[in-house]
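Below: one structure, written as structure tokens.
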Protein chains: 2
Amino acid sequence: MRYKTVIVDDHPIVISGIAGLLSDLENIEIVQKFESGISLLDYIEDHKIDLILMDIFLPIINGVDLCKTIKQKHPKIVIIGMSSQSERSLVMQFIQNGGNGYILKNASFDEFKNCIYKAIDGEIVFSEEVKTIISQPLSEDLERIPGLSRRERDIALLLSQGKSTQEIADDLFLSFLTVQTHRRNILQKYKMKNVAELITFLLKNNMLN
Amino acid sequence: MRYKTVIVDDHPIVISGIAGLLSDLENIEIVQKFESGISLLDYIEDHKIDLILMDIFLPIINGVDLCKTIKQKHPKIVIIGMSSQSERSLVMQFIQNGGNGYILKNASFDEFKNCIYKAIDGEIVFSEEVKTIISQPLSEDLERIPGLSRRERDIALLLSQGKSTQEIADDLFLSFLTVQTHRRNILQKYKMKNVAELITFLLKNNMLN
DNA sequence: TTTTTTTTACCTGATTACAGGTAAAAGAGC
DNA sequence: GCTCTTTTACCTGTAATCAGGTAAAAAAAA
């Protein structure tokens with residue numbers, strides 16, 4: 001049996017690179033290439049597909065949402081995500097939305113081939129560098145940081161827009177004193193001296209938006 | 001004459017994609033492929049090269065510095081930069097350091113071919129999307145933003161670390177009042193209400209570090 | 001249901017930031 | 001030389017933040 005495979009990437013060069021790589025694999029058949037997720041969604045309704053290799057950073061619709069949409073209707077299709085750089089949270093998000101694996105584009109040809117074969121066999125696969133990314137920071141980066149509550153995030157966002165305590169209170173229909181308490185709690189939670197340090201911290205850790 | 005060409009990219013897939021593309025061009029001969037700039041610098045001393053296609057985001061040494069180094073010793077080599085996303089300032093920097101062109105990786109095969117041919121003929125070339133990037137934002141993004149002076153950047157950096165006016169004054173051996181003046185000037189320059197808004201602005205525009 | 005977290009709210013005092021105006025010395029550019 | 005920008009510095013007053021303690025609804029989790 002030959003696995004009907006499609007490639008989704010907004011870089012023509014990358015598509016041709018992957019296509020060249022996959023042409024070595026006998027039981028993989030490339031049936032189509034796409035530069036956006038929209039065109040893939042059209043195609044998928046009328047054609048049988050077994051395997052999808054997709055870039056995560058795509059125009060219009062991103063890889064995570066694309067994966068989720070496809071998996072809802074076609075759970076049997078094996079989907080492998082790719083990107084140049086990667087963050088732990090992004091990889092986890094992709095897997096939680098049904099992805100069968102994640103490969104960094106700096107992976108070697110052998111890594112690519114191994115991952116694809118294992119994914120077809122039903123395994124969840126990661127390229128080497130992805131493995132180190134998702135295993136290491138678990139103890140320090142994500143578990144150490146408590147995370148903002150909904151209200152705290154609202155207030156932090158308004159703080160980053162330069163609003164004063166009074167303005168935030170007016171915006172959220174709260175008492176001045178309530179907002180003041182939230183401010184203090186946020187600062188204490190991360191042991192920050194003032195909003196300046198807090199916002200630097202929040203922005204660098206992508207905790208706003 | 002066949003142009004001796006090397007490709008530098010830390011993604012094996014991209015290398016093979018470009019190699020596949022260039023194999024169609026009769027007067028281009030790919031003599032070597034590299035995953036980092038260091039190995040290229042070694043190679044270049046002992047071998048004749050006419051054309052280099054290089055990724056800008058490389059490990060250890062970045063594309064801009066690599067281009068500068070090569071051009072100092074070998075000004076006749078034609079160097080074309082590539083990247084996935086691009087900022088205006090980065091493209092300009094690359095050209096100012098001797099680059100002969102810049103192509104976004106989402107360019108079509110035809111764009112790639114055209115750019116390479118024109119670059120060989122001595123032109124400075126850009127792919128379509130790069131052209132729009134470097135022409136459009138001139139009036140709003142870059143010229144509108146005055147930029148921080150050295151001292152202002154020092155102070156802004158310490159502010160982002162949560163330091164108070166007095167602490168900054170102590171750190172930089174300045175009067176409290178001097179730092180206060182700088183703070184006000186920075187806020188006025190960008191019409192920001194307070195440090196919170198300022199730091200959001202500076203970080204989002206990569207104006208710190 | 002009980003427990004924990006979140007959200008709401010108040011009081012006080014010390015510290016700091018912000019807005020206004022002013023100005024001289026040093027350096028860069030023409 | 002002159003001009004513009006930058007860096008340095010001072011004074012005053014108002015407004016806002018920060019740190020301390022306290023506490024009761026409301027919501028979420030156990």
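Protein chains get the first letters and strands the later ones, always in sequence-line order, with residue 1 at the start of each.
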N/O donor to acceptor pairs below 3.5 angstrom from side-chain atoms of residues 150-158 of chain B, sequence neighbours left out:
{"from": "B/E152", "atom 1": "OE1", "to": "B/S149", "atom 2": "N", "distance (Å)": "3.0"}
{"from": "B/E152", "atom 1": "OE1", "to": "B/S149", "atom 2": "OG", "distance (Å)": "3.4"}
{"from": "B/E152", "atom 1": "OE1", "to": "B/K189", "atom 2": "NZ", "distance (Å)": "2.7"}

Atom pairs, N/O to N/O, protein against nucleotides 15-18 of chain C, distance under 3.5 Å?
{"from": "C/dA17", "atom 1": "OP1", "to": "B/T165", "atom 2": "N", "distance (Å)": "3.4"}
{"from": "C/dA17", "atom 1": "OP1", "to": "B/R183", "atom 2": "NH1", "distance (Å)": "3.1"}
{"from": "C/dA17", "atom 1": "OP2", "to": "B/T165", "atom 2": "N", "distance (Å)": "3.4"}
{"from": "C/dA17", "atom 1": "OP2", "to": "B/T165", "atom 2": "OG1", "distance (Å)": "2.8"}
{"from": "C/dC18", "atom 1": "OP1", "to": "B/V195", "atom 2": "N", "distance (Å)": "3.2"}
{"from": "C/dC18", "atom 1": "OP2", "to": "B/R183", "atom 2": "NH2", "distance (Å)": "2.6"}
{"from": "C/dC18", "atom 1": "N4", "to": "B/Q180", "atom 2": "NE2", "distance (Å)": "3.1"}

### Task
Indicate the atoms forming the closest heavy-atom contact of A/K163 with A/E167, along with that distance.
CA-OE1, 3.2 Å
### Query
Which pair of non-hydrogen atoms, one from B/I80 and one from B/Y102, has the smallest distance, and what is that distance?
CG2-N, 4.4 Å
### Query
What integer distance in Å separates B/R184:CZ from D/dT7:C1'?
14 Å
### Integer-rounded Å distance: D/dC18 P and B/E167 CD
13 Å
### Query
For B/D9, what residues pass the side-chain contact (heavy atoms from CB on, under 4.5 Å) criterion, not counting sequence neighbours?
B/H11, B/V14, B/I15, B/D55, B/M82, B/K105
Mind listing the side-chain donor-acceptor pairs of residues 58-68 of chain B below 3.5 Å, one per line with the distance, residues two or more places apart or on another chain?
{"from": "B/N62", "atom 1": "OD1", "to": "B/V64", "atom 2": "N", "distance (Å)": "3.0"}
{"from": "B/N62", "atom 1": "OD1", "to": "B/D65", "atom 2": "N", "distance (Å)": "2.8"}

#### Entry: Euclidean distance, atom CD of residue B/Q188 to atom P of C/dA19 [Å, nearest integer]
8 Å
### Query
What integer distance in Å separates A/L177:CG from C/dC10:P?
5 Å
#### Entry: Where at least one partner belongs to residues 45-82 of chain A, residue pairs that pass ring pair (Phe, Tyr, Trp, His ring centres under 6.0 Å), sequence neighbours excluded
A/Y43-A/H47
## Note on the structure
In 5'-to-3' order, the base (B), backbone-only (S) or no-contact (-) status of each nucleotide in nucleotides 3-8 of chain C, using a 4.0 angstrom heavy-atom cut-off, is ---SSB
### Message
Whole angstroms only, please: what is the CD1-P distance between A/I186 and D/dC18?
### Response
11 Å
### Query
Between A/I103 and A/C115, what is the shortest heavy-atom contact and its length?
CD1-CB, 3.6 Å
### Message
Rounded to whole Å, how long is the line connecting atom CG of A/L158 with atom P of D/dT17?
### Response
13 Å
### Query
Between B/T200 and A/S160, is there a donor-acceptor pair closer than 3.5 Å when you use the side chain of the first and the backbone of the second?
yes
